[in-house]
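Throughout, numbering of the chain's residues begins at 1 and tracks the sequence.
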Amino acid sequence: MPFPHASEALSRFTVLDLTRVRSGPTCVRQLADWGATVIKIDALTEDAGGEQPGGPRRGSDFQNLHRNKRAMTLNLKDERGLAVFKRLAAKADVVVENFRPDVKKRLGIDYESLASSNPRIVYGSISGFGQDGPYHKRPGFDQIAQGMGGLMSITGAPGEGPMRVGIPVADLTAGLFCAMGILTALLEREVSGEGQWVQTSLLQAQIFMLDFQAARWLMEKEVAKQAGNNHPTSIPTGVFKTSDGYINIATTGGRIWERCALAIGAPELVSNPDYATAPARSKNRDALNAAIERRTVTKSTETWVRELNEAGVPCGPIYAIDQMFEDAQVKHLGIAQDVPNDDGRHIRLVGQPVTLSRTPSRMVARPPEFGEQTDEVLKEFGFGADEIAALRAAKVV
């Protein structure tokens with residue numbers, strides 16, 4: 001049976017996945033979910049019994065990162081294994097890796113080496129700090145990038161010290177940006193006929209994600225500070241207590257602020273000179289937040305969400321993850337999706353957050369077991385039965 005494609009959008013492309021942990025697999029997951037034929041290269045030094053970087057192979061983290069892929073084993077520390085990989089790369093469209101920058105060069109599977117036999121190859125690299133420069137040999141880690149990229153300095157409550165974000169945002173965005181770069185290179189290849197080397201790093205991704213906070217420094221020399229749950233520029237925007245929990249309220253511009261004040265039963269706040277203009281509301285933020293919260297604590301979160309939305313004021317509840325998946329709109333969007341499998345296992349994961357009308361992404365295959373499709377993949381790339389048997393006997397695959 002041919003391996004199913006998750007979408008027709010990228011079904012003409014073949015990807016060799018050399019990545020580990022999170023940033024690289026996040027990149028390749030984007031390609032797999034949009035239909036590329038992805039071959040995950042399992043190193044023979046890994047624990048075939050289940051333990052992987054990032055947790056057990058059947059654990060939720062691994063399952064989430066490696067759906068819609070196939071896997072083969074290959075010993076890249078053996079010259080014969082390297083020869084096999086180069087033979088695969090000569091026919092592939094994309095290679096993705098997140099080794100330390102010096103490792104691929106030492107193995108002879110860097111971009112220049114592979115492009116010499118396959119000029120159309122698109123080669124994606126993710127590192128901690130870049131492929132060259134003073135820090136390029138340092139190991140990369142999400143929280144290190146969050147700190148060096150400025151994010152931890154603006155996260156958390158004022159005066160309480162730096163705070164990491166609750167998701168591995170540098171890892172995830174580096175993976176997404178690398179996938180975007182690969183897709184851009186594939187589009188350009190249709191014009192030039194040539195591949196190219198796509199590079200990103202956790203540090204670059206994290207700095208890019210600072211967005212307007214970075215622009216405030218580069219353009220105005222203003223260093224953003226921690227603001228807790230308060231939005232740095234749209235005021236009042238933040239978290240407010242209700243009678244049974246908390247609510248987010250967001251106001252942007254004077255009209256929405258006026259609607260908000262009227263909806264919470266405090267029209268006097270609109271005419272108060274301390275809150276009459278955006279600069280005034282910014283200067284008197286703490287007092288204004290306290291005045292709003294004196295109203296919001298009188299009703300439940302559910303009531304305020306209904307009343308504020310009816311008044312045209314952006315707001316929403318603050319969910320725990322289990323509550324979020326029970327929300328009616330989340331269920332309607334169908335982002336939680338079951339993964340078909342022959343094992344009788346219940347695998348339910350988060351699907352792609354983008355919908356294409358003709359070529360949507362689907363969950364079509366569970367994550368592969370260790371080297372599950374080794375023989376199948378080698379046959380597809382032209383290896384004969386005797387060659388495969390010899391490779392197995394030599395413990396190359």
inquiry  = In the structure I gave you, are the side-chain heavy atoms of Cys27 and Ile126 within less than 4.5 Å of one another anywhere?
reply    = yes

key: Donor-acceptor under 3.5 Å (Asn118 side chain, Ser116 main chain)   = no

Side-chain heavy-atom pair Val377, Phe381 within 4.5 angstrom cut-off = yes

request  = Decide, yes or no, whether a salt bridge links Arg58 with Glu369 under the criterion of side-chain N to carboxylate O below 4.0 Å.
outcome  = yes

task = Please determine, by modelled atom types, if Trp304 and Thr296 share a side-chain donor-acceptor pair under 3.5 angstrom.
result = no

Heavy-atom closest contact (Leu76 atom, Ile109 atom, distance) = CD1-CD1, 4.4 Å

query = Do Leu176 and Leu183 sit in the same hydrophobic cluster, where Ile, Leu, Val, Met, Phe, Trp and Tyr count as joined when their side-chain heavy atoms come under 4.5 Å apart?
reply = no

request  = Indicate yes or no: at least one non-hydrogen side-chain atom of Asn75 is less than 4.5 angstrom from one of Val397.
outcome  = no

query = Has the side chain of Gln63 got a donor or acceptor atom that lies under 3.5 Å from a matching backbone atom of Arg57?
reply = yes

ask   = What distance separates Leu269 CG from Ile292 CD1, expressed to the nearest 0.5 Å?
value = 7.0 Å

ask   = Closest approach of Val38 and Lys69, non-hydrogen atoms and distance?
value = CG1-CG, 3.7 Å

Other residues, nucleotides, ligands: >12 heavy atoms within 6.0 Å of Met163 CE = no

request  = Supply the atom-to-atom distance Gln337 CD to Ile347 CD1, rounded to the nearest 0.5 angstrom.
outcome  = 13.5 Å

key: Heavy-atom side-chain contact between Ile264 and Leu308 under 4.5 Å   = yes

Derivation of the side chain to side chain donor-acceptor pair (under 3.5 Å) call for Ser300 and Thr303 = CA-CA 5 Å; Ser300 69; Thr303 300; 2.9 Å; yes

ask   = Is there a donor-acceptor contact under 3.5 Å from the side chain of Asn68 to the main chain of Arg362?
value = yes

Same cluster (ILVMFWY, side-chain, under 4.5 Å), Val96 and Val122 = yes

query = Is the number of heavy atoms from other residues, nucleotides or ligands under 6.0 Å of Met152 CE greater than 12?
reply = yes

query = Around Asp386, counting heavy atoms of other residues, nucleotides and ligands shown, do more than 12 lie under 6.0 Å from its CG?
reply = no

inquiry  = Applying a strict under-4.5 Å side-chain criterion to I, L, V, M, F, W and Y, I'd like to know whether Leu74 and Ile39 cluster together.
reply    = yes

Donor on one side chain, acceptor on other, Thr184 and Glu188, under 3.5 Å = no

task = Measure up the Tyr135 and Phe129 rings against each other and bin them: parallel (under 30°), tilted (30 to 60°), perpendicular (over 60°).
result = perpendicular

ask   = Would Asp327 and Gln323 count as having a side-chain donor-acceptor pair, cut-off 3.5 Å?
value = no

task = Check whether Leu82 and Phe383 end up in the same hydrophobic cluster, where Ile, Leu, Val, Met, Phe, Trp and Tyr are linked by side-chain heavy atoms less than 4.5 Å apart.
result = yes

query = Under 4.0 Å between a Lys/Arg side-chain N and an Asp/Glu carboxylate O for Glu376 and Arg70?
reply = yes

key: Shortest non-hydrogen contact from Thr251 toward Ile256   = CA-CG2, 3.8 Å

task = Measure the shortest side-chain to side-chain distance between Gln206 and Thr173 over non-hydrogen atoms and say whether it is less than 4.5 angstrom.
result = no

key: Flag, side chain of Lys137 to backbone of Gly133, donor-acceptor distance under 3.5 Å   = no

message = With a 6.0 Å cut-off (strictly less than), is the heavy-atom count around NE2 of His346, excluding the residue itself, greater than 12?
response = yes

task = Kindly say whether Ala336 contributes a backbone atom to a donor-acceptor pair with the side chain of Arg348 at under 3.5 angstrom?
result = yes

query = Does any non-hydrogen side-chain atom of Pro236 lie less than 4.5 Å from one of Ile249?
reply = no

ask   = In terms of the angle between their ring planes, are Tyr123 and Trp197 parallel, tilted or perpendicular, with boundaries placed at 30° and 60°?
value = perpendicular

query = Going through the checks in order, is the side chain to side chain contact (heavy atoms under 4.5 Å, CB included) test met by Glu372 and Arg366?
reply = CA-CA 12 Å; Glu372 183 174 354; Arg366 61 160 172 74; 2.8 Å; yes

message = Can a side-chain donor-acceptor contact be found between Gln30 and Gln352 if the only test is distance below 3.5 angstrom?
response = yes

key: Neighbour count above 12 (heavy atom, 6.0 Å) for Arg295 CZ   = yes

key: Side chain to side chain, Leu202 and Ser23, heavy atoms closer than 4.5 Å   = yes

ask   = Taking Glu220 for the side chain and Glu222 for the main chain, is one N or O donor matched with an acceptor at less than 3.5 Å?
value = no

query = Looking only at atom types and distance, does a side-chain atom of Arg281 sit under 3.5 Å from a main-chain N or O of Ile235, one as donor and one as acceptor?
reply = yes

message = Strictly distance-based, threshold 3.5 Å: is any side-chain N or O of Asn341 a donor or acceptor partner for the main-chain N or O of Arg345?
response = yes

query = Hey, any chance Val94 and Phe99 share a hydrophobic cluster, counting ILVMFWY side chains that come within less than 4.5 Å of each other, even indirectly?
reply = no

query = If you measure from the Lys or Arg side-chain nitrogens to the Asp or Glu carboxylate oxygens, is any gap between Asp142 and Arg22 under 4.0 Å?
reply = no

request  = Step by step, work out the side chain to side chain donor-acceptor pair (under 3.5 Å) result for Lys40 and Gln373.
outcome  = CA-CA 10 Å; Lys40 182 183 182 305; Gln373 290 92 4; over 6 Å; no

key: Side-chain donor-acceptor contact under 3.5 Å, Glu8 with Thr359   = no

message = For the backbone of Lys299 and the side chain of Ser243, can you confirm whether one donor and one acceptor N or O come within less than 3.5 Å of each other?
response = yes

inquiry  = For Glu387, run the salt bridge (charged side-chain N to carboxylate O under 4.0 Å, His left out) check against Arg392, Lys379, Arg87 and tell me which one passes.
reply    = Arg87

query = Using the benzene-type ring in the case of Trp, are the ring centres of Phe177 and Phe208 under 6.0 Å apart?
reply = yes

task = Could you tell me whether Asp93 and Arg12 make a salt bridge, using a distance below 4.0 angstrom between a side-chain N and a carboxylate O?
result = no

Main-chain N/O of Asn289 paired with Arg294 side-chain donor or acceptor, under 3.5 Å = no

inquiry  = Within the structure provided, determine whether Thr37 and Val15 are in side-chain contact (heavy-atom separation under 4.5 Å).
reply    = no

message = Between the side chains of Glu307 and Arg259, is the shortest nitrogen-to-carboxylate-oxygen separation below 4.0 Å, so that they form an ion pair?
response = no

ask   = Going by distance alone, is a donor N or O of one side chain under 3.5 Å from an acceptor N or O of the other, for Asp244 and Thr301?
value = yes

